[in-house]
Peer 1: 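Quick one: this structure, given as C-alpha cells, is what I'll be asking you about.
Everything quoted here is computed from the prediction, not taken from an experiment. We count residues from 1, following the sequence as given. Just so you know, these numbers use all the heavy atoms, side chains as well, and skip hydrogens, waters and symmetry mates.
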Amino acid sequence: QKKENNTMRYITIIILLLSVLPLTAQDNLENSFSIELSKKIFPKFTITLEEDFRLRDNFQEIDRFSTTLEISYRVCNHLKAGGAYNLINYNHPSKDWETRHRYYFYLTGSYKLHRFTFSLRERFQSTYRVHVKETAKRANPKLYLRSRLKVEYDIRRSAFEPFASIEWYNTLNNPQGNSMDRLKYIIGSCYKLNKKNALQLYYRYVNFTDDDESNGKQMLGLGYTHKF
C-alpha cells in the first residue's frame, strides 16, 4: 500500500509539471530552479542555505545563479524574524556578468484560521552592485522595503498545499523620489514528499522591469526543500 501511494505521488507530480509546460511558449519566460536546505541549530533558531539558478528567454540564456545564507528566529507561534546574505552573479542583458551583494532583514507575522494560514512579511533589503557607479537617476546600493501578503491552504488528507501572494516593492533611496515601483504576484503549490522533503511549483508575474534587471516579467519556478 505504501509503495502504491508513493507511485501515485510521483505520477501526480509528473502530470502537474506537464500541465504547465505550455507556459514556456510565452515570450521572455524566465525559469527558476532552487534547492533549499535548513536545520534547527538551537531552540527557535534555524539556518537555511539556498542555491538558485535561473534561465531566461525560454531556456535559451542563463539569467543568474545565487547563494543565500539565512538565519531565522521564531519569536513566538505567530512571529518570526530573520536576516540573510545573498551573493548574486547576474548576466546583464546588455553588459557583462555582474556581481551583487545583497543583505536583508525581515519580520513575518502569521495567523491560522481553520485550514488557511495568512501571513504578512516586512523586509528591508539592500543590494550593492560591484563596479556600478551612482548617478542622478540610480542609487547604489538600492534600498527597498518589500511588503508581502500571503495565504496558504492546507488541503485535508492531501500532500498539496496551494498558496498565493502579492508583494509591494517600495524604494527607500531613489534619487528621483521614493515610491512603490513594482508589484509581484505568485501562485503555486507545495507538495510534501514526506516530513523532511518537499517540492514547490509556482508561477510569478512582475508588473514592472527596468534596465537593471532582465526583461522577463513572467517566471515559472521549481524548488526542492529538505529539513535536517
Peer 1: Establish, from distance only, whether the side-chain atoms of Tyr203 and Gln218 form a donor-acceptor pair under 3.5 Å.
Peer 2: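 There is such a pair between these side chains.
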Peer 1: Quick test of your reading: applying salt bridge (charged side-chain N to carboxylate O under 4.0 Å, His left out), list the pairs with at least one residue in residues 43-53, sequence neighbours left out, ordered by first then second residue.
Peer 2: Asp52-Arg54
Peer 1: Looking at Asp63 and Arg56, would you say the former's side chain and the latter's main chain have a donor-acceptor pair under 3.5 Å?
Peer 2: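 The answer is no, because no donor-acceptor pair under 3.5 Å joins these two groups.
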Peer 1: Using the side chain to side chain contact (heavy atoms under 4.5 Å, CB included) definition, which of the options Gln125, Glu122, Glu70 pairs with Tyr106?
Peer 2: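 Single pass found, and it is Glu70.
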Peer 1: Identify the two heavy atoms, one from Ala81 and one from Leu107, that lie closest to each other, and give their separation to 0.1 Å.
Peer 2: CB-CD2, 3.5 Å
Peer 1: Can you name the closest pair of heavy atoms from Phe124 and Leu145 and give their distance?
Peer 2: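 Taking Phe124 first and Leu145 second, the nearest heavy atoms are N-CD1, 4.3 Å.
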Peer 1: Leu183 and Trp168: side-chain contact (heavy atoms from CB on, under 4.5 Å), yes or no, with the steps?
Peer 2: CA-CA 5 Å; Leu183 284 169; Trp168 297 264; 3.1 Å; yes
Peer 1: Might you work through the side-chain contact (heavy atoms from CB on, under 4.5 Å) test for Val151 and Phe116, ending with a clear yes or no?
Peer 2: CA-CA 7 Å; Val151 59; Phe116 288 95; 3.8 Å; yes
Peer 1: For Lys133, is there any backbone N or O sitting under 3.5 Å from a side-chain donor or acceptor partner on Asn140?
Peer 2: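 No, the answer is negative, given that no donor and acceptor are paired below the 3.5 Å cut-off.
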Peer 1: Kindly indicate whether the side chain of Val132, heavy atoms from C-beta on, has any atom under 4.5 Å from the side chain of Glu98.
Peer 2: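 Yes; the side chains approach each other to less than 4.5 Å.
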Peer 1: Give a yes or no on whether the backbone of Arg64 and the side-chain of Asn89 come within a donor-acceptor separation of less than 3.5 Å.
Peer 2: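 No, the answer is negative, given that no donor and acceptor are paired below the 3.5 Å cut-off.
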Peer 1: Which pair of non-hydrogen atoms, one from Leu29 and one from Met219, has the smallest distance, and what is that distance?
Peer 2: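 Leu29 and Met219 have their closest heavy atoms at CD1-N, 4.1 Å.
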Peer 1: Would you say the side chain of Leu37 lies within less than 4.5 Å of the side chain of Phe228, judging by non-hydrogen atoms?
Peer 2: yes
Peer 1: Tell me whether the guanidinium CZ or amine NZ of Lys184 lies under 6.0 angstrom from the six-membered ring centre of Tyr169 and within 45° of its axis.
Peer 2: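 Judged by the rule (NZ or CZ under 6.0 Å from the ring centre, within 45° of its axis), Lys184 is not positioned above Tyr169.
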Peer 1: Are Val130 and Trp97 joined in one hydrophobic group, where the rule is that I, L, V, M, F, W and Y side chains link up if heavy atoms are under 4.5 Å apart?
Peer 2: no
Peer 1: Which heavy atom of Asp154 sits nearest to which heavy atom of Arg115, and what is that distance?
Peer 2: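 Looks like O-NE, 2.6 Å.
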Peer 1: For a 4.5 angstrom cut-off between non-hydrogen side-chain atoms, does Tyr144 reach Arg182?
Peer 2: yes
Peer 1: Any side-chain donor-acceptor pair under 3.5 Å between Arg121 and Thr108?
Peer 2: no
Peer 1: Taking Asn197 for the side chain and His226 for the main chain, is one N or O donor matched with an acceptor at less than 3.5 Å?
Peer 2: no
Peer 1: Run the ring-ring contact (aromatic ring centres under 6.0 Å, His included) check on Phe53 and Phe65 step by step: do they pass?
Peer 2: CA-CA 4 Å; Phe53 177 72; Phe65 54 92; 7.1 Å; no
Peer 1: About how many Å separate OG1 of Thr46 and CD1 of Ile41, when rounded to the nearest 0.5 Å?
Peer 2: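 One gets 7.5 Å once the value is rounded to the nearest 0.5 Å.
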Peer 1: Can you check side-chain contact (heavy atoms from CB on, under 4.5 Å) on Ser38 and Thr225, steps first, answer last?
Peer 2: CA-CA 8 Å; Ser38 63; Thr225 61; over 6 Å; no
Peer 1: Which of these passes salt bridge (Lys or Arg N to Asp or Glu O under 4.0 Å) with Glu167: Arg148, Arg146, Arg123, Arg204?
Peer 2: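 Single pass found, and it is Arg146.
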Peer 1: What's the separation between atom CD1 in Ile71 and atom CZ in Phe42, rounded to the nearest 0.5 Å?
Peer 2: 9.0 Å
Peer 1: Answer yes or no: is there a donor N or O on one side and an acceptor on the other, between the side chain of Thr171 and the main chain of Ser179, under 3.5 Å?
Peer 2: yes
Peer 1: Does any donor atom in the side chain of Asn207 or Tyr185 lie under 3.5 Å from an acceptor atom in the other side chain?
Peer 2: no
Peer 1: Grab the two heavy atoms, one from Pro141 and one from Ser126, that are nearest each other, plus how far apart they are.
Peer 2: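 The pair with the smallest heavy-atom distance is CB-OG, 3.6 Å.
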Peer 1: What are the two closest non-hydrogen atoms of Asn86 and Thr67, and how far apart are they?
Peer 2: ND2-O, 3.1 Å
Peer 1: Please check if the distance between the ring centroids of Phe45 and Tyr73 is under 6.0 Å.
Peer 2: yes
Peer 1: Are the side chains of Leu55 and Phe33 in touch, meaning some heavy atoms are under 4.5 Å apart?
Peer 2: yes
Peer 1: Are Tyr103 and His101 close enough that their ring centers fall under 6.0 Å?
Peer 2: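 That pair fails the under 6.0 Å test.
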Peer 1: For Phe163 and Gln200, what are the C-alpha separation, side-chain angles and deciding distance, and is it a side-chain contact (heavy atoms from CB on, under 4.5 Å)?
Peer 2: CA-CA 10 Å; Phe163 60 86; Gln200 184 182 82; 3.9 Å; yes
Peer 1: With a 6.0 Å cut-off on the ring centroids, do Phe118 and Tyr111 count as close?
Peer 2: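 Centroid separation for Phe118 and Tyr111: 6.0 Å or greater.
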